[in-house]
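Okay, structure first, notes after.
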Amino acid sequence: MYSGDRSARPISLDTLRRMKAEGEKIVSLTAYDASFAAQMDAAGVEWVLVGDSLGMVIEGYDSTLPVTLDTMIHHTRAVARGLQRGFLVADLPFGTCNTPEQAMQSAARLMQEGGARMIKLEGGALQQELVAYLTARGVPVCAHIGLQPQFVHKLGGYKVQGRSTEAASAMRREAEALVAAGADMLLLECVPATLAAEITAAVPVPVIGIGAGADVDGQVLVVYDILGISLGKRPRFSKDFLAGRGSIAEALQAYAQAVKQGAFPAAEHTF
Ligand code: KIV
């Protein structure tokens, strides 16, 4: 079993860049509390995301839109207390980054009060100015492109993005523009595997995928999905790693090992 060493040096952005350069897969999951964070450290999860998915899996809303900055800070702080090694990332929730100044205030609270090391934000190419503003002021940024759940009402549902030739070209340009603006990482959600592989090869920063196939630098999933306890139907790109195993610790280790070895995602989890 692959197992993380909680006494090992904390993961930094440099570690993640080195992993991309060396072709070592980055293991990621969402976390919302201290106990799960400690379990993730022990299992070897390297990139730990306090996602605004907490609005759906913790708070029971039908989208991420109701999540507030205070709620994100509360959960980020809890995860930070349980985490010794993993790199802690927090989402900027809906409506908290409408201007560069507002984004900076929100990001500063997530870092100062929550202990986040990186901020993830949705919004795609429109966020170039904001990414440049934040990164110039010491905020590491992960730009989330592809399916962006904060846009669910505009998109009309949770759908795979970048399927047409035009949409794929636009996403390639968007990824490059965000990296040129200073994005330190990209997250690709629900994107055809071939497009995700092209973007990953084209950009110098680590790319984490969710529903984006195997040829990205790392994988993230919602932890409650891999334990089979999320409300509603588990997404096609996810897998229940607790099924057939005796404990949450074993399920997390199995997930970490499958990502490291390239065994997850398989064809059935890919678009
Ligand atoms: O909010 C979240 O958990 C996320 C993941 C789905 C990547 O953004």
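First listed ligand is number 1; within each ligand, the first listed atom is number 1. Computed from a predicted model, the values in this text were never measured in an experiment.
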message: Which residue in the set T64, V50, L49 passes side chain to side chain contact (heavy atoms under 4.5 Å, CB included) when paired with D91?
response: L49

- request: Determine, for D70 against R109, whether the closest basic-nitrogen to carboxylate-oxygen distance falls under 4.0 angstrom.
  value: yes

query: Do R85 and D41 meet the salt-bridge criterion of a basic N to acidic O distance under 4.0 Å?
result: no

message: In terms of relative ring orientation, are Y224 and F36 parallel, tilted or perpendicular, with 30° and 60° separating the classes?
response: tilted

Within the protein, flag every N or O under 3.5 Å from an N or O of ligand 1, and note the pair and distance.
| unit_1 | atom_1 | unit_2 | atom_2 | d |
| --- | --- | --- | --- | --- |
| ligand 1 | 1 (O) | D52 | N | 3.1 |
| ligand 1 | 1 (O) | D52 | OD1 | 3.1 |
| ligand 1 | 1 (O) | S53 | N | 2.9 |
| ligand 1 | 1 (O) | S53 | OG | 3.4 |
| ligand 1 | 1 (O) | D91 | OD2 | 3.1 |
| ligand 1 | 3 (O) | S53 | OG | 2.5 |
| ligand 1 | 8 (O) | K120 | NZ | 2.8 |

message: Is there a path of hydrophobic side-chain contacts, each under 4.5 Å between heavy atoms, that joins F271 and V216?
response: yes

task: Could you point out which residue of F237, F264, F241 forms a ring-ring contact (aromatic ring centres under 6.0 Å, His included) with H269?
output: F264

